[in-house]
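Chain letters run A, B, ... following the sequence lines, proteins first and then strands; every chain starts at 1. Bear in mind the structure is a predicted one, so any value in this text is a computation, not a measurement.
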There are 2 protein chains.
Amino acid sequence: MASKPPTRKPLRKRKRGDEAGPPRAARLEEVARMAGVSPITVSRALRNPDIVAEETRGRIAQAVKKIGYVRNFNAGALASRKTTTIGIIVPTIMDVGFAEVVHGFYDTMGEHNYQLLLGVSDYSEEVEERLVRDFLAHRAAGLILTGVSHGPEVRRMLTSMAVPTVEFWGLSRTPIDLCVGYSNADAAYAMTRHLVRLGYKKIAFVSPLIGTVMRDNDRTRDRREGHRKALRDSGQGIDESLFASGRLDFQSGANALVELMGKRPDIEAIFFGNDVMAAGALMECQKRGWAVPDKVAIAGFGDSELATVVQPALTTVRTPRHAMGKRAAELLLERIGGNTKVPKVVDMGFDVIQRDST
Amino acid sequence: MASKPPTRKPLRKRKRGDEAGPPRAARLEEVARMAGVSPITVSRALRNPDIVAEETRGRIAQAVKKIGYVRNFNAGALASRKTTTIGIIVPTIMDVGFAEVVHGFYDTMGEHNYQLLLGVSDYSEEVEERLVRDFLAHRAAGLILTGVSHGPEVRRMLTSMAVPTVEFWGLSRTPIDLCVGYSNADAAYAMTRHLVRLGYKKIAFVSPLIGTVMRDNDRTRDRREGHRKALRDSGQGIDESLFASGRLDFQSGANALVELMGKRPDIEAIFFGNDVMAAGALMECQKRGWAVPDKVAIAGFGDSELATVVQPALTTVRTPRHAMGKRAAELLLERIGGNTKVPKVVDMGFDVIQRDST
DNA sequence: TTGTATGCGTTATCAG
DNA sequence: CTGATAACGCATACAA
């Protein structure tokens, strides 16, 4: 009995999915058959049309449309070990500040045909770690993280898997990979110095608290510390009764105002760590007929749209939210493209905006 | 020469990735080897721990940790033809309304270990179609779309690929698959009837416009039509000079107020199609010393946080944003789970909230 | 410019 | 409860 050449096609025993089941999506092969080419040519026509003859491309396009073929990124990712998926993690999307960064980031990445996996950490490092793990399971081409403080496991995973990563909204001396933001401490410092220059003496500070279990975070802490340093550098002592905190919303801003003025009527200015709280306080002043800035000056942080609408317009710190997102995208794209000479830490700066509330 | 049994492992010619290249992520096989089991057992231990012996599971967990193994969803998706990825498309994330729906949706889906692909359409059907195609390429397990008006190709793709889909923020008589929302027309109708009941006669309406090229959308149109119908049903004629429109932001709300009152000083109430514009108008009234609601009453739409903070508090329509997102998630989960008896259209209702601005 | 052979890392299926 | 085998649908490497 003559030995046969090794069987090349081990006759598919068609075990899977050949019965009823859900309608199976079309494959490259079917498009190829209809267009009279090989699957790899279809693959090429879809990913890089230029390298396929125009006439061939036309037949393929027709077949694709007729069959209603939709690419399978999962199969592609497996074969190429590449994805066009980016993971971004923010503490919340209910804060327009984060939404604005996501927006800036999204626009730029979208132009380059990347898709965005959105993760919301609710200010929890534990949740963040789970999200990072999930995104890595998707083999995300890159990751964007909020802030510069992350769990050790997050850092380990990202480093060991060598995933391009950008941390935003802060400046880190030891970024996981890349970092784009501004110094929250310097920004708050600048505002307090500004208030001192305007002649205010008793300057209170209100820290916004967030999360389901109310707490602050690295950015908020940095702002408070910047404020304290400014007071010291201005020769003013630190008076703990001039510090308050509250949930990051309008009502808590109003409450903080009332609480502070209640126990320290000599307060001349209040610096809120967030525009929303400052706006809440401003409206409370209006209700009570307290003159701003004559009875008490009010400053915010963030320069949200509110700031120019409230009466009087709010003095605040403008942070580069949209620009941060955009820059993060640009850096990430460079990094994914293999450029190793991108700057590790990018300082986007900030501006103190003097308006009528101080 | 004795015939050998058929070679099972056709000696991998190790063509790919065996040289330098980036650090290759660990595979199931390596974990399996270290734990002394087969890869499929590791796979099972990771996906469904209960069906693996506790002792085995322990060894596997150890190996996973030591190696730093991270699952590969792409390979898993290919093999199982399933993903835990959901695509959600909203017109923008800068509007807290959409952010709130996403939030409600995200929380519920997150609990069930789904990941979210975020798409922003910028109110464009063309962009929406591209996003749907991308999400289908990811083989998303389900899709969430804003509104009930979509391009024909979107409907075709989703139907032919039989992807569980929920349209939210509207009620459709012919949903692509499922639909959860409320009637914008009825909601606006209810508000205008309410204003009429309060005794207002000349009631203006302001339509918010959105997108990079300013335009309205099905939801905004429905609100305006609801308002018109309410006027007709109240025996009032339609006076086109009582209609205005403007970009959806504070300033445009203020502008619309000024414009309307300028040309029609007899206006008694203005119904804004969005709270943000209404709040802008309210603040403008304050600046100008116009009494609200005595000189002019103001109503909004959406019941955003602002509504209770502005002075006077804003009469508005409360829409079930968070609940819509949550319900959409629940429906989608049922649908993905194979439940075919879920309701196709879910009406979440709305509430007219009477406050001090009317 | 197009095609052939092969592997990507996992899971469904069936057998034990 | 665990394992052997065969897909899953596509893209890389190389050849033509």
Just compare D:dT2, D:dG3, C:dT4 and give me whichever is closest to any side-chain atom of B:Ala53. D:dT2
Can you find a heavy atom in the side chain of B:Val64 that is under 4.5 Å from one in the side chain of B:Leu46? yes
Please report, rounded to the nearest Å, how far the C1' atom of C:dT11 is from the CG atom of B:Asn48. 13 Å
Just say parallel, tilted or perpendicular for the rings of A:Trp169 and A:Phe98, cut-offs at 30° and 60°. tilted
For A:His150, the option from A:Arg155, A:Glu128, A:Glu125 that meets side chain to side chain donor-acceptor pair (under 3.5 Å): A:Glu128
Mapping B:Arg139 and B:Asp50 onto DNA chain D by nearest heavy atom, which one lands closer to the 5' end? B:Asp50
Tell me what A:Leu28 touches on the nucleic acid: a base, only sugar-phosphate, or nothing, going by heavy atoms under 4.0 Å. sugar-phosphate
For A:Thr56 and C:dT2, is the shortest distance between a side-chain N/O and OP1 or OP2 below 4.0 Å? yes
Please report the closest heavy-atom contact between B:Thr83 and B:Arg139, naming both atoms and the distance. OG1-O, 2.8 Å
Would you mind reading off the distance between B:Asn74 atom CG and C:dT11 atom C1', rounded to a whole angstrom? 14 Å
A:Ser124 side-chain N/O to A:Asp122 backbone N/O, donor-acceptor pair under 3.5 Å: no
What is the distance, rounded to the nearest whole Å, between atom CZ of A:Arg44 and atom P of D:dT12? 10 Å
In whole Å, I'd like the distance from the CZ atom of B:Arg71 to the P atom of C:dT10. 9 Å
Whole-Å distance, B:Arg47 CZ to C:dT13 C1', equals 12 Å
Within this structure, what is the CG-to-C1' distance between A:Asn72 and D:dA7, rounded to whole angstrom? 14 Å
Please confirm whether the shortest side-chain N or O distance from A:Thr41 to OP1 or OP2 of C:dG3 is below 4.0 Å. yes
Side-chain N or O of B:Ser80 less than 4.0 angstrom from OP1 or OP2 on C:dT11? no
Hey, is the side chain of A:Tyr69 poking within less than 4.0 Å of OP1 or OP2 on D:dG9, counting only N and O atoms? no
Rounded off to whole Å, could you give me the CD1-to-P distance for the B:Ile51 and D:dG3 pair? 12 Å
Nearest-Å distance for atom pair CD1/P, residues B:Ile40 and C:dG9: 16 Å
Counting only side-chain N and O atoms of A:Arg24, is one of them less than 4.0 Å from OP1 or OP2 of D:dC8? yes
